[in-house]
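See structure below.
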Protein chains: 2
Amino acid sequence: MSSVSSRPGRPRSTSAAPKAMRAALDLALEGGLPHATVERISAVSGVAKSTLYRRWPNAPAIVMDAFFEEVGPMIAYDMQLPIHDNFCQSVGALVEALKGPRGQLLRELLGTAQAEPDLREAFVERWIAPRRRMGQEAIESAIARGELRPEVDPGLALDLIYGAVYYHLTVSFTDIDQRYIAALVDRVLGPYLTART
Amino acid sequence: MSSVSSRPGRPRSTSAAPKAMRAALDLALEGGLPHATVERISAVSGVAKSTLYRRWPNAPAIVMDAFFEEVGPMIAYDMQLPIHDNFCQSVGALVEALKGPRGQLLRELLGTAQAEPDLREAFVERWIAPRRRMGQEAIESAIARGELRPEVDPGLALDLIYGAVYYHLTVSFTDIDQRYIAALVDRVLGPYLTART
DNA sequence: ATAATACGAAACGATTCGTATCGAGCCTTA
DNA sequence: TAAGGCTCGATACGAATCGTTTCGTATTAT
């Protein structure tokens with residue numbers, strides 16, 4: 001019954017982390033990442049600065065934690081769909097989720113991660129890798145059920161699709177619509193479809 | 001002979017800008033972008049802070065100026081080459097130029113630009129757009145001389161190639177070698193080559 | 001000469017950072 | 001039940017950087 005906390009001492013508050021993350025995300029979405037300082041997060045959430053520093057190395061790390069937890073579940077893959085539709089749908093959801101302040105925040109987080117190895121690693125492991133795994137799985141199962149020819153290089157295909165999406169989002173700073181996504185997915189996967197409708 | 005400075009008053013020093021840019025780039029390459037503060041740039045270059053703020057809005061803008069001026073000329077397109085070789089060569093030069101501290105700095109600059117519209121615009125106009133123009137030109141001339149079939153969508157092709165490159169550089173944080181570049185270019189342009197050797 | 005502009009040097013208040021200290025609370029172990 | 005260990009929120013701290021401003025001097029056009 002009792003919690004098996006093994007370590008002596010007062011256990012960590014279960015409410016501190018959620019409160020801090022909520023405040024951090026709100027501040028960052030509202031006034032940009034630089035606006036989410038440790039001091040402000042502490043003031044808004046009621047969690048002491050010392051507690052925040054005890055759990056996160058810096059403010060962006062708190063924001064990143066909160067961001068992944070909120071936005072991550074918004075991008076789903078539906079393995080039942082034909083491969084083309086599956087990608088259009090999931091990539092579309094990604095683009096949609098990143099419109100407005102959330103996209104701006106992702107860009108700022110990615111930017112901050114460039115200089116800090118810990119954030120970089122967290123970014124790859126918690127944001128990029130999961131979606132790549134799902135994409136890889138989608139391609140492989142499409143091959144397995146004969147929808148795609150086995151000559152596809154899944155890694156390269158994902159590079160091309162996600163590369164173009166993030167390129168527009170973070171480098172050339174231009175918008176993406178559903179038509180572009182369809183053309184992109186078709187250009188990358190089309191040549192390998194066994195039967196085109 | 002005399003300079004036609006039209007406006008009255010003391011003309012701007014011609015040596016201040018080069019000295020400041022040199023110092024800014026050195027500082028940023030050595031200790032990362034955050035290390036290139038306005039104060040330090042002023043101290044190292046001997047140019048007063050007030051002068052720096054008179055010409056640039058902030059420190060990263062100075063570094064970006066210097067970066068483009070130094071690295072820009074390093075990436076050349078050779079329109080005499082077959083289209084495939086042309087891209088392999090120019091993209092290879094890009095990747096090569098961005099190995100080591102320079103790539104880290106580009107990442108940091110791109111990251112900083114995410115939050116500041118002025119830097120964003122400068123980044124697109126002075127870094128992305130010029131290379132896209134050359135790439136577009138290369139593809140169009142390859143079409144004109146019958147090397148590529150006219151069905152290629154040059155914009156999408158450039159999205160795919162540069163997208164994948166910057167994706168590796170800034171998002172998935174993985175390395176790129178010449179073999180990957182060749183495979184990438186081939187995957188994007190190969191299907192449209194009129195005669196494959 | 002006069003006005004206008006740029007220069008370098010220095011000081012300014014504001015902000016953020018990360019750390020340290022404090023008394024009090026809570027849990028495990030002996 | 002007592003002791004010790006870890007966490008909590010609150011608060012204070014020195015250091016660093018920011019962007020602005022002021023100052024006296026230098027250089028040019030009118």
Side-chain angles (χ1 to χ4, degrees), chain A residues 1-24 27-28 30-65 108 111-112 115-119, chain B residues 1-24 27-28 30-65 108 111-112 115-119:
Chain A
M1 296 315 131
S2 69
S3 61
V4 192
S5 48
S6 75
R7 276 216 319 267
R10 176 176 175 173
R12 296 194 154 186
S13 161
T14 55
S15 65
K19 279 195 294 185
M21 286 164 66
R22 183 73 257 156
L27 284 166
E30 183 188 343
L33 186 55
H35 193 248
T37 69
V38 175
E39 305 246 354
R40 262 193 275 266
I41 295 172
S42 170
V44 171
S45 66
V47 177
K49 260 179 68 176
S50 50
T51 302
L52 298 179
Y53 276 112
R54 212 172 283 126
R55 305 200 186 185
W56 290 278
N58 47 42
I62 309 179
V63 177
M64 191 179 271
D65 246 11
E108 296 187 52
T112 307
E116 295 180 42
D118 290 349
L119 287 184
Chain B
M1 293 317 132
S2 70
S3 62
V4 191
S5 50
S6 76
R7 277 214 321 269
R10 175 175 177 172
R12 294 194 153 185
S13 161
T14 55
S15 66
K19 278 194 295 185
M21 286 163 65
R22 184 73 256 156
L27 283 167
E30 182 189 344
L33 186 55
H35 193 248
T37 69
V38 174
E39 307 247 351
R40 261 193 277 263
I41 295 172
S42 170
V44 171
S45 66
V47 177
K49 259 179 70 176
S50 50
T51 302
L52 298 178
Y53 275 113
R54 215 172 281 128
R55 306 199 185 184
W56 290 278
N58 48 43
I62 310 179
V63 177
M64 192 180 271
D65 245 14
E108 296 187 52
T112 306
E116 296 180 42
D118 290 349
L119 286 184

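Order of the sequence lines fixes the chain letters, A, B, ..., with proteins taken first and strands second; residue numbering starts at 1 for each chain. These numbers come from a predicted model, not from an experiment.
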Name all pairs fulfilling the side chain to side chain donor-acceptor pair (under 3.5 Å) condition that reach into residues 42-51 of chain A, sequence neighbours left out, sorted by first residue then second. A/Glu39-A/Lys49

So, for A/Pro117 and A/Ala115, which heavy atoms are closest and what is the spacing to 0.1 Å? CD-O, 3.5 Å

According to a strict under-4.0 Å criterion, is B/Ser13 in side-chain N/O contact with OP1 or OP2 of C/dC7? no

Could you tell me how far apart A/Ile62 (CD1) and C/dC17 (P) are, to the nearest whole angstrom? 10 Å

Strictly below 4.0 Å: does B/Arg55 bring a side-chain N or O up to OP1 or OP2 of C/dT5? no

Can you tell me whether the side chain of A/Lys49 and the base of C/dG18 have a donor-acceptor pair closer than 3.5 Å? yes

Atom-to-atom span, OH of A/Tyr53 to C1' of D/dT7 - whole angstrom: 18 Å

Interatomic spacing from CZ in B/Arg22 to CD1 in B/Ile62 - rounded to 0.5 Å: 14.0 Å

Give me the residues of residues 36-48 of chain A where at least one heavy atom lies under 4.0 Å from an atom of DNA chain C, by number, or none. A/Thr37, A/Val38, A/Glu39, A/Arg40

Would you kindly give the CG-to-P distance between A/Leu33 and C/dC17, to the nearest whole Å? 10 Å

Tell me whether the side-chain N/O atoms of A/Arg10 come closer than 4.0 Å to OP1 or OP2 in C/dC27. no

What are the two closest heavy atoms between B/Leu33 and B/Pro60, and how far apart are they? CD1-CA, 4.4 Å

Is A/Arg54 close enough to D/dC8 that one of its side-chain N or O atoms is under 4.0 Å from OP1 or OP2 there? yes

Expressed in angstrom and rounded to an integer, what is the separation of B/Lys19 atom NZ from C/dC7 atom P? 11 Å

Per the atom types in the model, does the base of C/dA20 pair as donor or acceptor with the side chain of A/Ser50 at under 3.5 Å? no

Heavy-atom closest contact (A/Ala24 atom, A/Ala36 atom, distance): O-CB, 3.9 Å

Rounded to the nearest 0.5 Å, what's the gap from NE2 on A/His35 to CD on A/Glu108? Could you check? 12.0 Å

On a heavy-atom basis, the closest approach of B/Ile41 and B/Leu52 is CG2-CD1, 3.9 Å

Calculate the interatomic distance between A/Arg12 atom CZ and D/dG5 atom P; express it in whole Å. 18 Å

Whole Å only: how far is the CG atom of A/Leu52 from the P atom of C/dC17? 11 Å

